[in-house]
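Below is one structure, written out as structure tokens; the observations come after it.
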Amino acid sequence: MGRPVAIIGTGQTKHGNRRDVSYPELVREAVKAAFEDSGITPKDIDGVVSGTMPSMMEGIGMTQFYLGDAMAAVGKPILKTETCGSTGMSIAHTAYYWVCSGEADMVLAVGHEKMREGESQAVMSSCFDPFYQKYFTSGAPGIFAMQCQDWATRYNIPEEKVRDAAALLSVINRDNALDNPYAHIKRKVTVEDVKKSPIISYPIRLLDVCPNSDGTCAVIFASEEKAKKIGTKAAWVKGVAYRGEEYNFGDGDKVEWQSAIQCAKQAYEQAGITHPRKELDLVEIYNPFTFQELLIFECFGFSERGKACDDILNGFYNRDGELPCDRSGGVLCTNPIGAAGLIRVAEAAMQVTGKAQDRQVEGARLALSHALGGVMQFNGLMILGSEL
Amino acid sequence: MSKKEYKTFDFELSLPYRLAYGPTWTRFFEGLQEEKIFGTKCHQCNRVLVPARSFCPQCFVDIDDWVQVSNEGTLVTWALISFEFYNQPKKPPYAAGLIKLDGADVSMFHLVDGFDMNDLDKVKETLPIGRRVKAVWSEEKKGHILDIKYFQPI
Ligand SMILES: [Zn+2]
């Protein structure tokens, strides 16, 4: 894995409807918070990585021009990384590789989106080719619904059980968000509320789905030498993996989902994890849709195949369960897309450094963060630990 | 967050494009105009890929072994779209699905239609996973993916 890399600070905006600030102001809010958290200043940074999904979300094609100033990039190299929904994770990876390579000692990673300034579904439909996929993929819930039905059928999971498990998962995430000062949607709901909310795309209902959020996340990566010199509690990168699969949705199997399975395998090998279900203390899954999070639990080896519903119903993923999931409330409650993957990394880093305040998982030492993107085309992971 | 409402700037972008199909997709879409669905077969992994490709994404070799696949196939999975959003092919409710055509080794997206969509229970009854479906063609064909009007359960 090359030389060790640490996360020495994170910053987030209050996510949600942020019409109170311009886009650069929104970005700078998180960047300033990351500098304050790490105790360093912009002059200490060797490079900046930024990303959004996609740039045209806010009608401005080259966001790194417009937002560079707000990312303290003046006089520094800047890179942009975009991989659809997994953009935030890819930004973290880019910053990690930069420091790992030895070409930089401290890199600022910034994921940002102001989804409420454009027509998000229209912009996202521009991510697909107009030849053969666009008409059937525009409006993300449809493809997630297809993946869910394929999964439930494959493992003969009764419809009522899948529904109950997904509803409970929605409740768990939404309860978790109540403890997160940065979260967008903070509303207590019951299992019955979820099950009675309007159908978006069967079996997905309104309360199974993430919101459109404005928000930014900033994370500072540092070499071992710099991290030790600065001396604040650091989160150490233990595993980094990313996998893509074919563009045509129908080419791959989205249940025995290879990009998810293979990238978890690689990240576990790097981190020396043999029993993720037992060894991880918490997970921050990229979970825009409840049903898909259940499937991911299985692809990542936390739950046996076809058994994620049983685990969730038995409290395994509760905040006080054996493997708390998305103690932040996840993407389900906060979704500034270009930032959403990096928020998973930041939340995992906060957990293993004991900085997660009201949402702190007691004694957290090893945390997994995840993001996915494309039409189920990409999966990426970063595993963080409290010790080098 | 401040209670004061600050100014907003409203604008729209409309950008014209002309995208090249290239030889493989030109042939595939011209095939649809003749009510024929073509795939290309990879000589390395022996898979028939639909829609047709000029190369296999797994083996990364050029492929130009054309195969006409059936207009009938199996429903791999589906979704009933109940809400309206930008750039939809039609007004909800409608169903979209993944269809594995006989003779193909991968599936393709399309609409599933030709039955009553207004009652969810009836839709579920009509569309068990694995249901056989058949292409229904549009009357006016333009060499476009929607030359297949939809796939209908048989
Ligand atoms: Zn091949």
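So that the names make sense, note that chain A is the first sequence line, chain B the second, and so on, each numbered from 1. Computed from heavy atoms alone, side chains included, the values below leave out hydrogens, waters and symmetry copies.
A/Met57 approaches A/Ile337 most closely through the heavy-atom pair CE-CD1, 4.4 Å. Taking both residues in full, the closest heavy atoms of B/Gly143 and B/Tyr21 are given as O-OH, 4.0 Å, listed atom of the first, atom of the second, then distance. The two residues B/Leu49 and B/Pro57 make their nearest non-hydrogen contact at CD1-CD, 3.8 Å. In plain terms, the two heavy atoms of B/Cys42 and B/Cys59 that are nearest each other are SG-SG, 3.8 Å. Between B/Pro92 and B/Ile81, the closest heavy-atom pair is CB-O, 3.4 Å.
Per-residue heavy-atom pair counts under 4.5 Å with chain A were compared for B/Lys90, B/Gln58, B/Met108, and the maximum is reached by B/Gln58. When each of B/Leu120, B/Val123, B/Val76, B/Val50 is scored by its heavy-atom pairs under 4.5 Å with chain A, the top score falls to B/Leu120. When the candidates B/Lys100, B/Glu12, B/Arg47, B/Lys124 are compared by the number of heavy-atom contacts under 4.5 Å with chain A, B/Lys124 comes out ahead.
Using modelled atom types, one finds a donor on one side chain and an acceptor on the other under 3.5 Å when comparing A/Ser86 with A/Thr83.
When heavy atoms are compared at a cutoff of 4.5 Å, A/Asp251 approaches chain B by way of both its backbone and its side chain. In this structure, the portion of B/His144 lying under 4.5 Å from any heavy atom of chain A is its side chain and not its backbone. For chain B, no part of A/Met124 is nearby; none of its heavy atoms comes within less than 4.5 Å. Both the backbone and the side chain of B/Leu111 come within contact range of chain A, each with at least one heavy atom under 4.5 Å from a heavy atom of that chain. For a residue to count as touching a neighbouring chain, one of its non-hydrogen atoms must lie under 4.5 Å from one of that chain's; by this rule B/Phe11 touches chain A with the side chain only. Of the atoms belonging to A/Gln149, heavy atoms from both backbone and side chain fall under 4.5 Å from chain B. Contacts of A/Glu159 with chain B are made by side-chain atoms alone, with heavy-atom separations under 4.5 Å and no backbone atom involved. B/Tyr17 does not touch chain A: none of its heavy atoms, backbone or side chain, sits under 4.5 Å away. Proximity to chain A involves both the backbone and the side chain of B/Trp78, based on heavy atoms less than 4.5 angstrom apart.
A/Glu82 places no side-chain N or O within donor-acceptor distance of the main-chain N or O of A/Gly338, the cut-off being under 3.5 Å.
Annotation: A/Lys32, atom NZ; neighbour count of heavy atoms from other residues, nucleotides and ligands within 6.0 Å does not exceed 12.
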